[in-house]
Amino acid sequence: MALWSGRFEQAVSERTQQFGASLPVDKKLYREDIAGSIAHAKMLAAQGIISEADRDAIIAGLQEVESEIESGAFAFDINDEDIHMSIEAALTEKVGDAGARLHTARSRNDQVVTDVRLYAKRRCGDLLRANLALREALLKVAQEQGDAVLPGYTHLQHAQPVLLAHHLLAYYWMFTRDYERLVAARHAADANPLGAAALAGTSYPIDRQKTADELGFSRVIPNSLDAVSDRDFILDLLYAASVSCLHLSRLCEEVVLWSSSEFGFITLSDEYSTGSSIMPQKKNPDFAELIRGKSGRVVGDLVGLMVTLKSLPLAYNKDLQEDKEPLMDAADTLEACCYIAAGMLSTMQVNADVMLRSLGEGFIAATDIADYLAKRGLPFRQAHAAAGHLVLLCEKRGIGLEDLSLDDFRGESELFDEGIYEVCRPEAIVDARTSFGGTSHQAVAVQMEEARARMEEDRSRCAVNEGNVTED
Ligand code: ARG
């Protein structure tokens, strides 16, 4: 019979027991559960609610349970329902009455959400580190491939040439914002619910600040009902993870496109490719596809939990037990995706010659031809029309803008001279865009410096988190 079985005459059926148990999932919270119980026991003793001898017995017993779980010797029993019951039962078996006093002034309702908050904080730390690894890889490739130029696209049509470094840095900044969202999610989790008890607080003279300090929470949740009912800190994490996965899916979609025969801009290393069991020539970008695909499940984790929480009355409802799987799944998935993407990017070969060649296939100089005329006094709309006519001419002849003769250019406008050929060169087009945040070498060098500085800053913030010093 369960620890709560006093008022029952019959046990639930085996099927029901299996259905209601969260142990297979929440056993991953054992470290947090033990830390929470030790903090609680210390506080109870400091407040004179249990004796110091009981506290010491509880702590020693919990430490023993922890090493048994870590070594694999601990026998989990589904009949214990969840990790809280498993640990408490094992403790009581070891230390008797002292163990049975641990649950004074506490409920599983505040216990579970304490565990989940500690877990969420820990996983945010893991995700921040994974985010940094991914951003480091993007910076490295951007640095190494500083001169590669590729078509920039709008509507997946050639638009204007850009530096590959610029293109990759665009992703760098997306992931930098993801870092910020994860920091915010970590802050949301960083509040102590312990001491809310079942829902209404307790008549024992507890000290909630003491358990907060002991567990490294930066603040205490001021409302006991909110403390046991709130799961929006998990939604914050899931949202941050979802956005990051969306960013990864966009990056990976480009990796898939760029590694196709049609593009050929990059060649993935063998380490990050797979073959086909039937087509011997195939080299598939499986891992990029899988990251793209996994973004779906993380968004699913977010939406799933939102729907679970919708319309739930206060305070604890068993529905809330469904909070752990999406949290754990999203954290595991995003963490793995970041490291795989980082490895894939840092080992891929960039085919700069193919990128450059592809620039000749469109009419990527058209904007600069229009700008050339506008800078010589023609109103931009007329300059745009003139460049458009030249594109049409090229299309009819099956040539590129750079293949037109000077007479062709001058047929459209007297303002053209020999200088137009330099204007059409992809590298010149790129380097003309010197505006802040633009794609010229000069502007990208400035951007790179800012990106590096931000990287260093975030690295030290991450180290601070590791030491469990919380941020404002
Ligand atoms: N296993 C439960 C969960 O994960 C722990 C809290 C149970 N509380 C209760 N009143 N049944 O949510």
Side-chain angles (χ1 to χ4, degrees), residues 1-8 10-37 39-40 62 65 69 74 76-92 102-123 189 191-202 211 215 221 224-235 237-238 301 304-331:
M1 291 291 268
L3 289 175
W4 40 252
S5 61
R7 56 103 69 225
F8 290 84
Q10 252 189 338
V12 293
S13 73
E14 202 188 317
R15 193 192 286 272
T16 318
Q17 182 64 31
Q18 295 269 353
F19 181 72
S22 53
L23 187 59
V25 173
D26 62 24
K27 63 182 175 191
K28 282 196 191 153
L29 299 176
Y30 75 89
R31 270 198 269 168
E32 283 77 17
D33 197 71
I34 288 172
S37 289
H40 184 65
L62 286 171
V65 171
I69 297 179
F74 191 86
F76 284 108
D77 178 356
I78 195 86
N79 291 313
D80 284 333
E81 192 179 326
D82 58 29
I83 188 67
H84 326 294
M85 299 291 214
S86 297
I87 291 175
E88 195 186 323
L91 174 71
T92 307
L102 171 62
H103 212 55
T104 312
R106 183 176 78 168
S107 152
R108 271 188 301 156
N109 298 348
D110 59 342
Q111 185 180 359
V112 66
V113 72
T114 303
D115 293 5
V116 176
R117 281 177 176 274
L118 290 172
Y119 176 86
K121 281 178 66 181
R122 170 159 70 83
R123 297 315 310 274
N192 186 20
L194 198 58
L199 74 165
T202 172
T211 50
L215 293 169
I221 298 175
S224 63
L225 286 167
D226 185 34
V228 291
S229 307
D230 168 26
R231 295 295 184 277
D232 42 322
F233 69 93
I234 306 180
L235 294 181
L237 203 167
L238 292 178
D301 290 331
L305 185 60
M306 286 182 105
V307 178
T308 298
L309 296 180
K310 183 192 165 298
S311 310
L312 274 192
L314 299 184
Y316 181 86
N317 298 276
K318 185 79 166 175
D319 314 45
L320 293 175
Q321 181 164 290
E322 289 292 304
D323 62 352
K324 292 162 206 66
E325 272 171 290
L327 168 63
M328 291 170 176
D329 180 66

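One-based numbering, in listed order, for ligands and for the atoms of each. Predicted, not measured: the structure shown is a model, and the values here were computed from it.
When hydrogens are left out, the protein atom nearest atom 4 (O) of ligand 1 is K324 NZ, 2.6 Å; that is the closest non-hydrogen contact. The closest protein non-hydrogen atom to atom 11 (N) of ligand 1 is R108 NH2, 3.6 Å. For atom 2 (C) of ligand 1, the nearest non-hydrogen atom of the protein is Q321 OE1, 3.2 Å. The shortest contact between atom 5 (C) of ligand 1 and any protein heavy atom is with D82 OD2, 3.4 Å. Among all non-hydrogen protein atoms, the one lying nearest atom 10 (N) of ligand 1 is N109 OD1, 3.0 Å.
At a 4.0 Å heavy-atom cut-off, ligand 1 does not touch Q111 at all.
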For this session: Begin from the C-alpha positions of D323 and T308 and carry the test side-chain hydrogen bond (donor to acceptor under 3.5 Å, both in side chains) through to its verdict.
Result: CA-CA 8 Å; D323 62 352; T308 298; over 6 Å; no
Problem set entry | Step-by-step side-chain hydrogen bond (donor to acceptor under 3.5 Å, both in side chains) determination, N79 to D77 | CA-CA 5 Å; N79 291 313; D77 178 356; 3.2 Å; yes
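For CD of Q321, the number of neighbouring non-hydrogen atoms (other residues, nucleotides, ligands) closer than 6.0 Å is greater than 12. Counting non-hydrogen atoms of other residues, nucleotides and ligands closer than 6.0 Å to NZ of K310 gives a total of 12 or fewer.
Of the charged side-chain nitrogens involved, none lies within less than 4.0 Å of a carboxylate oxygen, so that R108 and E88 do not count as a salt-bridged pair. Of the charged side-chain nitrogens involved, none lies within less than 4.0 Å of a carboxylate oxygen, so that E32 and R123 do not count as a salt-bridged pair.
Residue-to-ligand polar distances place Y316 within reach of ligand 1: an N/O pair is separated by less than 3.5 Å.
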